[in-house]
> 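Encoded as C-alpha cells, here's the structure I'll be asking about.
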Amino acid sequence: MQSPGQKKSIAGTLLNLLSSGPKKASPAAGPAPDGDVVQPAAGDGALENHLGGDEARNYRKYEYETVAPHVGRSMLEVGSGLGHFSEQFAGRLDYLVVSDNDPYCVGELRKRYDGNDDVEVIPLALPAEIEIRRKVDTVVMMNVLEHIKDDVQALRDLAAVTEPGGRIVIWVPGYMQLYGDFDRKVGHVTRYTPATLEASVREAGLVPEVLKPINFLGGIAWWFAVRRGGTGYPDPKLVKIYDRTVVPFTRTIERFVKPPFGQTVFCVARVPR
C-alpha cells in the first residue's frame with residue numbers, strides 16, 4: 001500500500017514529465033554524405049519513440065500484456081520502428097511480418113531479422129495494397145492509425161490481408177481534449193474516443209470486440225499539462241521515471257477499476273468470416 005505522499009510524488013512526476021517545456025528540436029536527418037540512410041531520431045516525427053523505446057520498458061510490457069492475449073499464430077505489425085515491440089513475440093509466432101514507412105527503420109528491421117525465414121520485413125505506408133507471403137490471423141497497430149487521414153481505407157487494406165475471423169488490434173492516443181503541440185509535431189491527424197474509433201472500425205466493415213480507454217492517470221496528467229499552456233516534448237530521463245513509477249501504479253489501479261477516460265484508446269476488431 002502506498003502512502004499519500006508516495007501517490008502525490010508519482011502524480012507530480014507524471015505531470016512534470018508531460019508538461020516539460022519545449023526543447024529545441026534538431027533538424028530531421030537526411031542522407032549522410034556518403035549516401036547512406038541515417039537514423040532520423042532527432043526529427044519531430046520520432047519524438048513519440050521515447051514513449052516506447054529503451055527508456056520505457058515497463059510501458060512496453062504494459063503494451064505487450066494488453067495486446068498479447070489477442071494475438072494468434074501469425075501477425076503483421078504496422079509501424080514496427082526498430083522492432084522493440086515485435087521482439088517480445090520472438091519464438092511464439094509461426095509467421096511474423098514487420099513493417100515501417102521509414103527507410104532507416106526498414107533497414108534496421110532487416111538487420112534484426114536477417115536469416116530468420118519466419119519473419120518478413122516490408123516497407124509500408126497506409127493506405128496501400130499490402131503484399132505479403134500469406135494472410136495473417138492478427139494485425140497489430142501501436143500508435144499508427146492516428147497518423148493516417150483516411151483511417152477507414154487503411155483498415156480495409158489491413159482487413160484484406162487478415163484471415164476471415166482474424167483480429168486487428170489498435171492502440172491509439174485518446175481524446176481531442178488532450179491534443180496539443182506534441183501531437184502536431186509528431187503528425188497526429190486526430191486523437192480518438194471509443195465512439196470515434198468504433199465509427200471508423202465499423203465503416204471499414206470490422207466488428208469491435210474490445211473497445212475501451214486505458215492509462216487513466218496518464219490522461220489526467222496530460223490534460224492538466226495541455227491546460228497549462230501546451231504539452232512539451234518527452235525528456236528521455238523523465239520518461240524513465242514515469243516508466244518506473246507511474247506505469248506500474250496505473251496498471252494496478254486499472255485491474256480493479258474500469259477507467260472512464262484515458263490517454264489511450266484500445267480496440268480489438270474482428271474481420272467478419
Side-chain angles (χ1 to χ4, degrees), residues 40 44-49 51-52 63 66-67 70-72 74-83 85-86 95-106 109 120-176 179 183-214 264-273:
D44 292 339
L47 289 171
E48 63 187 333
N49 289 345
L51 302 178
E63 290 178 318
T66 303
V67 170
H70 306 285
V71 176
S74 58
M75 184 179 89
L76 162 61
E77 184 190 16
V78 183
S80 302
L82 302 180
F85 186 74
S86 59
Y95 174 51
L96 170 66
V97 185
V98 290
S99 68
D100 208 275
N101 65 350
D102 184 273
Y104 175 83
C105 291
V106 172
L109 290 168
E120 184 175 2
V121 180
I122 63 169
L124 179 61
L126 292 169
E129 183 176 348
I130 304 169
E131 297 183 3
I132 53 180
R133 293 199 298 259
R134 61 181 176 89
K135 289 188 175 185
V136 295
D137 59 41
T138 313
V139 171
V140 173
M141 308 178 74
M142 305 298 293
N143 293 316
V144 173
L145 194 64
E146 69 276 9
H147 292 270
I148 303 171
K149 186 174 182 180
D150 193 348
D151 57 350
V152 173
Q153 185 57 50
L155 290 171
R156 288 173 179 157
D157 293 333
L158 293 169
V161 295
T162 306
E163 296 172 357
R167 298 183 178 101
I168 298 179
V169 181
I170 306 165
W171 180 294
V172 288
Y175 299 89
M176 284 301 291
Y179 193 98
D183 297 274
R184 285 186 287 272
K185 286 289 187 182
V186 300
H188 289 175
V189 175
T190 189
R191 297 179 73 100
Y192 289 88
T193 65
T196 59
L197 184 54
E198 180 180 7
S200 293
V201 164
R202 289 194 181 278
E203 188 176 347
L206 306 172
V207 180
E209 293 188 334
V210 178
L211 186 58
K212 61 183 179 180
I214 57 176
T264 297
V265 176
F266 177 69
C267 176
V268 180
R270 179 78 70 173
V271 177
R273 292 185 183 276

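Sequence positions, counted from 1, serve as the residue numbers for this chain.
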> Hey, what do you get for CG (Leu158) to CD (Gln153), rounding to the nearest 0.5 Å?
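The CD atom of Gln153 is 10.0 Å from CG of Leu158, to the nearest 0.5 Å.
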> Kindly indicate whether the side chain of Val271, heavy atoms from C-beta on, has any atom under 4.5 Å from the side chain of Glu163.
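No; the side chains remain at least 4.5 Å from each other.
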> Between Thr196 (side chain only) and Tyr192 (backbone N and O only), is there a donor and an acceptor less than 3.5 Å apart?
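No; zero donor-acceptor contacts below 3.5 Å.
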> Considering residues, nucleotides and ligands other than Arg134, do more than 12 of their heavy atoms fall under 6.0 Å from its CZ?
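Buried by this count: over 12 neighbours within 6.0 Å.
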> Determine whether a donor-acceptor pair (N or O, by modelled atom type, separation under 3.5 Å) exists between the side chain of Thr138 and the backbone of Gly72.
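Answer holds: yes.
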> Look up atom CH2 in Trp171 and atom CD in Glu63, then write down how far apart they are to the nearest 0.5 Å.
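So the CH2 of Trp171 and the CD of Glu63 are separated by 5.0 Å.
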> Could you pull out the closest heavy-atom pair between Ile132 and Ile122, with the gap in Å?
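The answer is CG2-CD1, 3.8 Å.
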> Would you say Ile170 and Leu155 make side-chain contact, with heavy atoms under 4.5 Å?
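Yes; the side chains approach each other to less than 4.5 Å.
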> Which atoms form the tightest heavy-atom contact between Val189 and Lys149, and what is the distance?
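Heavy atoms of Val189 and Lys149 come nearest at CG2-N, 4.0 Å.
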> Any side-chain heavy atom of Pro194 sitting closer than 4.5 Å to one from Pro213?
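Result yes, sub-4.5 Å side-chain heavy-atom pair found.
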> Heavy atoms only: give me the nearest Ser86-Leu96 pair and the separation to one decimal.
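That closest heavy-atom pairing would be CB-CD2, 4.2 Å.
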> With sequence neighbours left out, write down each residue that passes salt bridge (Lys or Arg N to Asp or Glu O under 4.0 Å) with Asp183, or none if nothing qualifies.
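Salt bridge (Lys or Arg N to Asp or Glu O under 4.0 Å) check on Asp183 returns Arg191.
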> With sequence neighbours left out, what residues match Tyr95 under ring-ring contact (aromatic ring centres under 6.0 Å, His included)?
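Testing Tyr95 for ring-ring contact (aromatic ring centres under 6.0 Å, His included), a comparison that skips the adjacent residues, returns none.
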> Report, as yes or no, whether the 6.0 Å neighbourhood of atom NZ on Lys135 holds more than 12 heavy atoms from other residues, nucleotides or ligands.
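Atom NZ in Lys135 is crowded, with more than 12 foreign heavy atoms closer than 6.0 Å.
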> Supply the atom-to-atom distance Asn101 CG to Leu126 CG, rounded to the nearest 0.5 angstrom.
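The distance works out to 9.0 Å.
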> Where is the tightest heavy-atom contact between Val78 and Val139, given as atom of each residue plus distance?
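Minimum heavy-atom separation between Val78 and Val139: CG2-CG1, 4.0 Å.
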> Could you go through the side-chain contact (heavy atoms from CB on, under 4.5 Å) check for Leu82 and Tyr104 one step at a time?
CA-CA 9 Å; Leu82 302 180; Tyr104 175 83; 3.7 Å; yes
> Distance-only, no hydrogens or angles: does the Asp137 side chain make a donor-acceptor pair with backbone N or O of Gly166 under 3.5 Å?
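Not at all, since once roles are kept as given, no pair shorter than 3.5 Å links the two residues.
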> Go through it in stages, so that I can follow the logic: the residues are Val98 and Glu77, the test is side-chain contact (heavy atoms from CB on, under 4.5 Å), and I'd like the CA-CA distance, side-chain angles, deciding distance and then a yes or no.
CA-CA 5 Å; Val98 290; Glu77 184 190 16; 4.1 Å; yes
> Classify the ring geometry between Phe266 and His70 as parallel (under 30°), tilted (30 to 60°) or perpendicular (over 60°).
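Answer is tilted, since the angle falls between 30° and 60°.
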> Tell me, with the steps shown, if Leu211 and Val265 meet side-chain contact (heavy atoms from CB on, under 4.5 Å).
CA-CA 7 Å; Leu211 186 58; Val265 176; 4.2 Å; yes
> Hey, could you give me the CD/CG distance between Glu146 and Leu197, rounded to the nearest 0.5 Å?
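Answer rounded to 0.5 Å: 10.5 Å.
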> List the atom of Leu76, the atom of Ser99, and the distance in Å for their closest heavy-atom pair.
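The answer is CD1-OG, 4.2 Å.
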> If you take all heavy atoms of Leu145 and Ala154, which pair is closest and at what distance?
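Closest pair (atom of Leu145, atom of Ala154, distance): CD1-CB, 4.5 Å.
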> Could you give the distance from OG1 (Thr162) to CD1 (Ile130), rounded to the nearest 0.5 Å?
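These two atoms lie 7.5 Å from each other.
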> Throw together a table of side-chain donor-acceptor distances under 3.5 angstrom for residues 198-210, partners on residues two or more places apart or in other chains.
from   : atom 1 : to     : atom 2 : distance (Å)
Glu198 : OE2    : Arg202 : NE     : 2.8
Glu198 : OE2    : Arg202 : NH2    : 3.3
Ser200 : OG     : Asp151 : OD2    : 2.8
Glu209 : OE1    : Arg270 : NH2    : 3.3
Glu209 : OE2    : Arg270 : NE     : 2.9
Glu209 : OE2    : Arg270 : NH2    : 3.4

> Give a yes or no on whether the backbone of Arg133 and the side-chain of Glu120 come within a donor-acceptor separation of less than 3.5 Å.
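Such a contact is found between Glu120 side chain and Arg133 backbone.
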